[in-house]
Amino acid sequence: MPLKLFDFAIIIPALGMVIASFLLVYGGNNGNPAVNLKSDGGEWVFPINAEETMVVSGPLGETSVVISGNSARITSSPCMNQVCVAAGLVSIPGQWAACLPNRVMLYIISETSGQNNVDAAAW
């Protein structure tokens, strides 16, 4: 079945809306990323370019977090299966790593917006 004029009148605006949505979601300036670290003992925010090693306490013991080279990672934790350590580096707003048994959450936020940009799939 060949396309008719009315088909193009629908397809072109729909395609324009898809492109505009893509640019609105992925093309914006996220500001300066920052590292947000939460545990039972408190919450800390560091610039992504900081050189820090933090040891935070949780119910199981101490979890070590290293911020270096414009990224952050959990380097050690007392949890049994070490999924948080295997998660590796996080460096882009919305990325995260967590030690759930020890209640430690590490994620990247957009510093200028002050909002955490963890996507809905993370929760």
Side-chain angles (χ1 to χ4, degrees):
M1 175 186 277
L3 293 175
K4 298 185 178 173
L5 182 60
F6 185 71
D7 295 333
F8 286 109
I10 298 296
I11 292 172
I12 291 174
L15 186 59
M17 289 184 351
V18 168
I19 291 170
S21 297
F22 180 82
L23 291 174
L24 200 81
V25 171
Y26 295 107
N29 182 4
N30 285 333
N32 297 325
V35 177
N36 190 310
L37 177 61
K38 287 185 181 181
S39 75
D40 285 348
E43 181 175 354
W44 301 268
V45 178
F46 299 96
I48 193 82
N49 60 357
E51 297 290 327
E52 294 282 337
T53 300
M54 289 283 298
V55 177
V56 295
S57 295
L60 299 179
E62 295 183 335
T63 297
S64 178
V65 175
V66 174
I67 304 167
S68 177
N70 291 328
S71 61
R73 69 177 295 166
I74 297 174
T75 56
S76 68
S77 192
C79 58
M80 184 179 269
N81 55 10
Q82 300 290 301
V83 172
C84 54
V85 175
L89 299 172
V90 293
S91 59
I92 299 170
Q95 286 185 325
W96 59 275
C99 181
L100 297 179
N102 206 28
R103 294 189 208 153
V104 175
M105 179 76 175
L106 167 70
Y107 57 96
I108 307 300
I109 62 172
S110 175
E111 191 175 51
T112 57
S113 71
Q115 300 174 357
N116 78 25
N117 293 321
V118 177
D119 61 4
W123 303 103

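Small disclaimer: the values here were computed from a predicted structure and weren't measured.
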Can you tell me how far the [atom1] atom of [X] sits from the [atom2] atom of [Y], to the nearest 0.5 Å?
X	Y	atom1	atom2	answer
Leu106	Trp96	CG	CH2	10.5 Å
Asn49	Ser71	CG	OG	11.5 Å
Arg73	Ile67	CZ	CD1	13.0 Å
Ile109	Asn32	CD1	CG	11.0 Å
Leu60	Leu100	CG	CG	11.0 Å

In terms of hydrophobic clustering (I, L, V, M, F, W, Y; side-chain heavy atoms under 4.5 Å; direct or indirect links), are [X] and [Y] co-clustered?
X	Y	answer
Trp44	Val104	yes
Val90	Val85	yes
Val66	Met54	no
Val65	Phe46	yes

Residue list, side chain to side chain donor-acceptor pair (under 3.5 Å) with Ser77, at least two apart or on another chain:
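Testing Ser77 for side chain to side chain donor-acceptor pair (under 3.5 Å), a comparison that skips the adjacent residues, returns Thr63.
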
Can you list everything that forms a side chain to side chain donor-acceptor pair (under 3.5 Å) with Thr75? Sequence neighbours excluded, please.
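Listed in chain order: Ser64.
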
Asn70 (side chain) donor-acceptor with Ser91 (main chain) under 3.5 angstrom
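Flag not set: sc Asn70 to bb Ser91 has no pair under 3.5 Å.
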
Side-chain donor/acceptor of Asn36 to backbone N/O of Tyr107, under 3.5 Å
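No, Asn36 side chain to Tyr107 backbone: no donor-acceptor pair under 3.5 Å.
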
Would you call [X] and [Y] a side-chain contact if the rule is heavy atoms closer than 4.5 Å?
X	Y	value
Ile10	Phe6	yes
Arg103	Pro59	yes
Asn102	Cys79	no

Which atom names give the shortest non-hydrogen contact between Ser39 and Val56, and what distance separates them?
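Smallest interatomic distance, heavy atoms only, reads OG-CB, 3.9 Å.
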
Where do Glu62 and Pro78 come nearest, in terms of heavy atoms and distance?
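Scanning both residues, the minimum pair turns out to be O-CD, 3.1 Å.
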
